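Below, all heavy atoms of this structure are taken into account, side chains as well, without hydrogens, waters or symmetry copies. The structure displayed is predicted, hence computed values, not measured ones. Labels below follow one simple rule: chain letters A, B, ... track the order of the sequence lines, proteins then strands, and each chain is numbered from 1.
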Amino acid sequence: MQCGTCTGSCGSAARMEHTPRQLWRMVQAGMKDEIFKSRTFWLCSSCYYCTLRCPRGLPLTDTMAALKRVAVAEGYTTDRKSAPFYKAFLDSVRKYGRVRESEMMARYFLAVKNPAVPLSFVPLGMKLMARGKMDLHMPGFGGRGKLDRLYRKVMELEAAK
Amino acid sequence: METKTGRALVIGAGISGIRSALDLAEMNYRVYLIDKSPHIGGILSQLDYQFPTDHCGMCKMLPTIGRDASSQFCLRKGLFHENIEVLPGTEMIALEGEPGNFKATLDSAPTFIDPEKCIGCGLCSAPCPVSLPDTFNGGLAKRKAVHLPVPHNIPNRYTIDMAACTRCGECEKVCPTGAIDLKTEARRAFKILVVDDELVVRDSLKEWLVVEGFSVDMADSGAEAIDLVSANEYGLVLLDVKMPGMDGVEALQIIREMKPDLPVLMMTAYATVETAVQAMKIGAAEYLMKPFDIEALNAKVVQQYESTVAVKGRVIEVGAVIMATGSDFCDPAKIPGAFGYDYPNVVTGLQFERIVSGSGPGAGKLVRPSDGKPARKIAFLQCVGSRDLKQKADYCSSVCCMFSIKEALLAKAKSGGEADTAIFYMDMRTFGKDFQRYRDSAEKESGVRFIRSRIHTVEPDIDGRLSLHYVDGEGAMVEEIFDLVVLAAGQRASKGARELARSAGVELNPAGFCRTDELFQSKSSREGVFAGGAISGLKDISESVIQAGSASLEASRLIRSKGGTSRPPEPKGALFKDSSRDLPRLAVALCACASSLAGGLDLEALGAALSRWDPSIRVLQTERVCTLAGKKSLLDSLRDTGCNMISIGACMPCLYGKMLLDLARETGLSPGLMDVVDIYTPAFGRGGQAEARVQTAMKMSIERLKGADPAPGRSFNIIRKALVIGGGISGLTAALAIADHGFKVDLVEKEADPGGLVRAIGSTIEGVATSGVLGRLVSGVRANSNISLHTGAEVVGSKAYQGLSFLTTIKTGDGETKQIDHGVTILATGGKEAATREYGFGQSGSVVTQHELEGRLGNGGAVGLGVVAMIQCVGSREEGRNYCSRICCQTALKNALRIKKDNPEAKVYIFYRDIMTYGFLDAYYTKARQEGVIFIRYSRDAKPEVTIGEGGKVTIVTRDPILGRDIAIEPDLLVLGTGLAPNDLGRLGEYFGFEVNEDGFFREAEYKWQPVDSKKRGVFACGVAHSPRSISESIAMAQAAAQRALVMLNRDVVEAGSVVARVRHGLCSLCERCISACPYGARSRNEENDRIEIDELACQGCGACAAVCPNSASVVRGFGDRQVMAMVDAALELI
């Protein structure tokens, strides 16, 4: 809390409204609304630098993830983009056993219900396509449905908590 | 009861070992001072500059009374005292017996260079082909395998690093005195058995070991190994763990049964490490991991070999043992990633000290190691390997904050103020006396930048520079480029602590330091074995010196209680006849063995030359003058000559102190009229002219003696009784310590009951109840017939008489006055919780001090508290009381943890500036955070604002620097940490002649080296009267003060040194320059007869007065103008 190693290490700190150190202080102070209204924890890219470097050995990255889970569970929707993105990703994996990028993005765009979002991705999509980095074909369905049981089990466990 | 002279063993000859050894030697015990390394001085031999003076002052630890008993030159170079036997390169390997009657077994490292023959000429080092990092310079320079461990030692002998030596034999060939013997024969005789089922392993091991000069046999199975072991004498067995048939562990068992003393090293692959570790439990000496690192293997084999050629098993009988092996620094290279220690311009604090040292690799220029260019932007990173749970170091190293500030100031001084210095820190722990002012002045006057941010990574920039990213005070990210990064590498337990603990039979704490009693920190887990210095925990020099005094006091008390005596030292002056009115008749004795060692120096010719030069001197030829027989023959020939002074030409003058004293006793001549000249060393060296150099040395000595003042040092009376002022924990401890040594003590306490400040404290942060120890001390004092306790009494006057003699008047509670005579005084007047008017104190019942809170908590006061706020540093660490009170942070943590324990729902907020949990206390800071106590920092310029509303309701508004916004808290209770203020010393300073500092504390003679002494002889201080400190720290200091007092009380008379200043009143113009020049306060102007007077007990003969005197009216005995000029003439004569 006092040394600032987490903030100093964070690659995303510049884009966060509150730096990681501030976020922890807000957690201590119980400023729940303000925390979940911010995008700070959604911006954590899980690079684990803060966890690696923290001299007190605190599980900071895991705590960021925990905040994301709490935000979804408690229905904080301030950030209209991040949660649907995670959900689209997970749904895609659940269904096919792997990510199908095009479908995942389509689900994501539907979920955010904002036509501006797909449009904002157009330049990126064009670039990726030009370099052959995006495949519009659907990959095979070899893993289809196989992960469904795992997902259900996890949900059961989480519900039991 | 049988009595005999007490003996003690001091292990570790660093600063605290030296302090303990001197303490006991001055009490006239016999002391063995051993150290693993080949030199004394410990870490301090590498440090040139010490806070707060920023130079060295180690010599101030030398005896100040009876000082002729010891050498009186730089203590970093060497220590010679008639009661101390210094044994470098020696370890204690076993300690048997009972307290008071121990038998300690000592092993000495083998010497490949005969210390008696080595003259330190350095010819051996030139042809040595090995080059390796120089440990003395922190690896910043290179050295040879044959080297001087410390360049400034006296006497300075070369040693060989056998692990690196290739045994090429070049040094043996060039040594002019034949001092080097690499013992290659002994190596060849050292037979090693290699047991492994794989031929390639056997063969390559054999090849390596034969190259290293050992003899090697091989066996391919356990069974064959056993046959070979039974038939041959091996020095060492290298045994594989995993072999078909009989495996290594089985073979080991059988070998252990056959030859229990034969050392066995297990060889193992990674997969079988567990088995190898098991093997160590049944007697394997060590294990080696495959694939082998040749250097590590070689080092281990050499270690085993050297232990067989070591001088083994000297057994000494001692009454007590003091462990003083200090601490080591952590190795930043072992901290994964992060600090960039691989880059050449990232150094540790110790390496920085070597860079700026005149004896360092760059002759003291502030330059970068990579390219020798000036370092002009320097970053200091704190807490490297300290306060780091990942490094298993949940403690603060206690010393780094101050040494980094000192180093930043050194950088400023070395660069003429040009260098930009920035210290990156989490808490700046300026908890010691005067530390806060030192920091403030570094910041304000010298422009050192203090940046509160922990640097997580050091990244390389172009041109060897280094880039640091950090969050500044405003929360913004900053990148800054530096020339040099200095890591404040944290402290670790000393490397040999584990082995030492095993051989001494004492326990260690989890951090690897000696486990001590919580309150009596010199007590280890074994009675009779004491902990001095930093081995008892993390300590700076001053605290180590105090701790060392505490350990020597306890050792002395134990030795006495077991019947060992510390009889008073014989006053030397009285033994010798006064020959000041006799004509000087000088004899010169030339020792023949010096000449034979020196390879045929012609002593006859030398004698003849000296006789021609001055026909009045008598020349005697003698031999082996350092032996008993030699001394006897010298005495015989001396008796016939009727000479009254003698100059002896021999070797190693520094070792002659005791022998000169014996000689003096038998001849009746004062040792001041004897001189030993080194004629051995000048006989060697480059450029020839050996005869001329030896002659010059002798002539200088002759001139010195001719002008010597033969009058012995004066002796003064001492009243062998003590006065202790103040009956708190410090005063009680000191009084008991002195009384237990058989001296009378008057203990004066102003209140009706003794106990002082401690009565307000229920328990320490460690959870030790104070009532028990206080009760024991008070009843001990009351029961001791040597102590007269005067309660409700105050000192109302005192007069000092010549020598150590005071007559003090006290007024007792019933108005009576009493007169007490005493020789020494210990000030233990203590302090009180400071008063305050800040933060609404006095306006609301909800605002209390920490002591008041503690009282409430004792009565279940935590229940019902919802929110508690604590404000630290109230009225402290800012002008007015600009010092840290040291105990308030730990008190706040103790009380916060208590609240959390009794009432886990309570919220506790602590408003702080820097949390001062130095040493192992830092673990409580960790614990408090884990328990949910919230810490909010404020600065001196923006303090929390407290308003008292209706019904005494408290509101605190402050800016949280992390969130960057104001926060408000409405606590049920606001607790103020007001710190400690000293009790009013009134006119005590005037009565006893000590000084009081601007905060009202006792001013010590020297913060680091004489922490409990005043400048006035015979006056000491301890406890809170000196500076704020905890209970255990006060106890240690009281013991140290008692120890210093006992050194004086243990004498029948006190002797001034023979070298003291005097005044030729006829020439004196009373300009008083000498008074301000005297560093010991020994000079004063007597207004009655208008003369400058000298306190000969205080005078240390430094000569500062003689140097400033414009009229040569101030002179130092033994250094007369005419005498010194004659010596200079003699020195220049042959040039």
Side-chain angles (χ1 to χ4, degrees), chain A residues 1-64 66-67 70-71 76 78, chain B residues 335-339 381-394 424-427 451-457 468-479 490 907 909 912-915 922 925-926 928-930 932-937 960-965 967-969:
Chain A
M1 175 49 65
Q2 50 176 328
C3 72
T5 292
C6 46
T7 300
S9 301
C10 184
S12 313
R15 291 187 189 79
M16 295 172 171
E17 299 106 305
H18 314 293
T19 63
R21 171 151 76 154
Q22 283 173 339
L23 189 73
W24 308 135
R25 177 63 107 198
M26 289 160 75
V27 171
Q28 276 189 330
M31 298 157 78
K32 196 168 168 184
D33 264 5
E34 208 169 324
I35 293 168
F36 288 118
K37 276 179 193 154
S38 82
R39 295 173 60 218
T40 296
F41 57 94
W42 287 116
L43 289 175
C44 167
S45 60
S46 302
C47 73
Y48 279 91
Y49 256 139
C50 52
T51 305
L52 179 72
R53 288 170 176 166
C54 173
R56 313 303 299 182
L58 298 173
L60 302 172
T61 313
D62 297 349
T63 313
M64 286 284 187
L67 287 175
V70 174
Y76 281 97
T78 322
Chain B
I335 301 176
F339 294 111
L381 313 192
Q382 299 306 107
C383 296
V384 173
S386 316
R387 302 181 64 193
D388 190 333
L389 295 182
K390 284 187 178 165
Q391 301 301 318
K392 297 196 173 62
D394 191 13
F424 294 90
Y425 69 102
M426 297 196 281
D427 292 284
I451 300 166
R452 191 186 293 267
S453 183
R454 181 176 174 275
I455 301 294
H456 51 80
T457 317
L468 304 183
H469 288 88
Y470 61 91
V471 193
D472 72 3
E474 310 298 311
M477 288 294 299
V478 182
E479 183 190 6
K907 283 191 158 55
Y909 298 91
Y912 72 101
R913 281 171 54 199
D914 294 276
I915 292 286
D922 210 48
Y925 185 23
T926 304
R929 283 180 286 172
Q930 282 165 351
V933 176
I934 293 182
F935 291 83
I936 299 168
R937 187 164 47 79
D960 176 36
I962 295 175
L963 290 179
R965 59 174 102 161
I967 52 172
I969 289 167

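Atom CG of B:L389 and atom CG of A:L58 lie 8.0 Å apart (nearest 0.5 Å). Atom CZ of B:R965 and atom CZ of A:R25 lie 11.5 Å apart (nearest 0.5 Å). With rounding to the nearest 0.5 angstrom, the CH2 atom of A:W24 is 13.0 Å from the CD1 atom of B:I962. One distance of note links CZ of B:R929 with CD of A:Q28; it measures 9.5 Å at 0.5 Å rounding.
The shortest side-chain heavy-atom distance between B:L963 and A:H18 does not fall under the 4.5 Å cut-off.
Atom OH of B:Y909 has more than 12 neighbouring heavy atoms from other residues, nucleotides or ligands inside a 6.0 Å radius.
For a residue to count as touching a neighbouring chain, one of its non-hydrogen atoms must lie under 4.5 Å from one of that chain's; by this rule B:I936 touches chain A with backbone and side chain alike. The part of B:M477 that comes within reach of chain A is its side chain, from C-beta onward, which places non-hydrogen atoms under 4.5 angstrom from that chain. The parts of B:R387 that come within reach of chain A are both its backbone and its side chain, each placing non-hydrogen atoms under 4.5 angstrom from that chain.
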Residue pair B:H456, A:T7: steps toward the side chain to side chain contact (heavy atoms under 4.5 Å, CB included) verdict: CA-CA 10 Å; B:H456 51 80; A:T7 300; over 6 Å; no

B:T926/A:R56 under side chain to side chain contact (heavy atoms under 4.5 Å, CB included): CA gap, chis, key distance, verdict: CA-CA 9 Å; B:T926 304; A:R56 313 303 299 182; 2.3 Å; yes

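Remark: side-chain polar atoms of B:K390 are paired, donor with acceptor, to backbone N or O of A:C54 under 3.5 angstrom.
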